[in-house]
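Right, one structure below, let's go through it.
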Amino acid sequence: MTLTKVNTTASLVETLANLYLKGKPAEISDETITQLCDWLMAEFQQLPLNLQFSDYMRYNNAQEMFADIKRGQLWVSADSYDSTVYPNPIYGFIFQGMHDYDHYLMNSNFSLEGEIAAYNFTAKRAPSLDIQKILYSEIVLRSAAYLYLGYAATPKIVFP
């Protein structure tokens, strides 16, 4: 029996989702959190966009988001960045804006493949392996959980 791409992708989504859902929250050093926040602020200063905070604005697909980015703006939803890793919510806001802009630069959608492409692009700029692991949890694993469940899972950082 030959596995189809759909079955393989569904299996990968389930596997990655379970790593996230069943994983224990990672212990992250204060030094790594400081490094993450400093890096995010540096990334933010390079974004050529006007990030707009919203409690309700959501993009239905990547094309809608890309159209806004072409106009120089990007809506970032409040529930997209409520991770406990950040000492201040502004860093989650910055992370989400940076991540969405990376989707745009990579022309990648919100599928698992699109999230992996965006992660790979971002991870190349990360200043350490620990931050790459945080990004993997935030981008790939959390997205897989969303795709698997059909709704956002409780945010956490896991290192499977």
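Start at 1 with the first residue, then count along the sequence.
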Step-by-step side-chain contact (heavy atoms from CB on, under 4.5 Å) determination, Phe93 to Leu51: CA-CA 9 Å; Phe93 175 79; Leu51 298 183; 3.5 Å; yes
Val158 vs Lys24 side-chain heavy atoms within contact, under 4.5 Å: no
Residues Glu43 and His99: side-chain donor-acceptor under 3.5 angstrom: no
Electrostatic pair Asp102-Lys124, nearest N-O below 4.0 angstrom: no
side-chain hydrogen bond (donor to acceptor under 3.5 Å, both in side chains) partners for Asp30, two or more places apart: none
Of all pairs that satisfy ring-ring contact (aromatic ring centres under 6.0 Å, His included), the ones with a partner from residues 18-52, not counting sequence neighbours: none
All pairs passing ring-ring contact (aromatic ring centres under 6.0 Å, His included) where residues 138-160 contributes a residue, at least two apart: none
Close side-chain approach of Ile33 and Pro87, heavy atoms under 4.5 Å: yes
Sidechain-backbone polar pair: Lys156 side chain, Leu21 backbone, donor-acceptor under 3.5 Å: yes
Between CE on residue Met106 and OG1 on residue Thr122, distance to nearest 0.5 Å: 9.0 Å
Side-chain donor/acceptor of Thr15 to backbone N/O of Ser11, under 3.5 Å: yes
Rounded distance [0.5 Å steps], CG in Leu74 versus NE2 in His103: 11.0 Å
Nearest heavy-atom neighbours spanning Ser108 and Ala62: O-CB, 4.1 Å
Distance in Å, Asn61 CG paired with Ser111 OG, rounded so as to fall on 0.5 Å steps: 12.0 Å
For the student: nearest non-hydrogen atoms of Ala153 and Ala145, plus distance: CB-CB, 4.2 Å
Short side-chain donor-acceptor distance under 3.5 Å, Gln35 and Ser128: yes
Validation row: Pro155, Arg142 side chains within 4.5 angstrom (heavy atoms): yes
Contacts of type side chain to side chain contact (heavy atoms under 4.5 Å, CB included), residue Asp68, not counting sequence neighbours: Tyr59, Arg71, Gln73, Trp75
Asp38 CG to Ile131 CD1 distance, which is reported to the nearest 0.5 Å: 8.5 Å
Atom pair CG/CD of Leu40 and Gln96 - distance to nearest 0.5 Å: 11.5 Å
Pairwise ring-ring contact (aromatic ring centres under 6.0 Å, His included) hits with a residue in residues 117-141, at least two apart: Tyr119-Tyr136
From OG1 (Thr32) to CG (Asp130), nearest 0.5 Å: 4.0 Å
Worked check of side-chain contact (heavy atoms from CB on, under 4.5 Å) between Arg58 and Ser77: CA-CA 6 Å; Arg58 310 283 185 283; Ser77 120; 3.5 Å; yes
Closest non-hydrogen atom pair, Ser54 against Met57: OG-N, 2.6 Å
Heavy-atom closest contact (Leu47 atom, Met98 atom, distance): CD1-N, 4.0 Å
Residues in side chain to side chain contact (heavy atoms under 4.5 Å, CB included) contact with Leu19, at least two apart in sequence or another chain: Leu16, Leu141, Pro160
pair Ile90-Phe53: side-chain heavy atoms closer than 4.5 Å: no
Exercise: identify the closest heavy-atom pair between Ala144 and Val13: O-CG1, 3.6 Å
Asn50 and Gln52: side chain donor to acceptor below 3.5 Å: yes
Verdict with reasoning, Met65 to Asp100, per side-chain contact (heavy atoms from CB on, under 4.5 Å): CA-CA 8 Å; Met65 185 177 74; Asp100 288 347; 3.4 Å; yes
Evaluation steps, side-chain contact (heavy atoms from CB on, under 4.5 Å), between Phe95 and Leu135: CA-CA 9 Å; Phe95 166 76; Leu135 293 171; 3.5 Å; yes
Side chain proximity check, Phe66 to Asn107, heavy atoms < 4.5 angstrom: yes
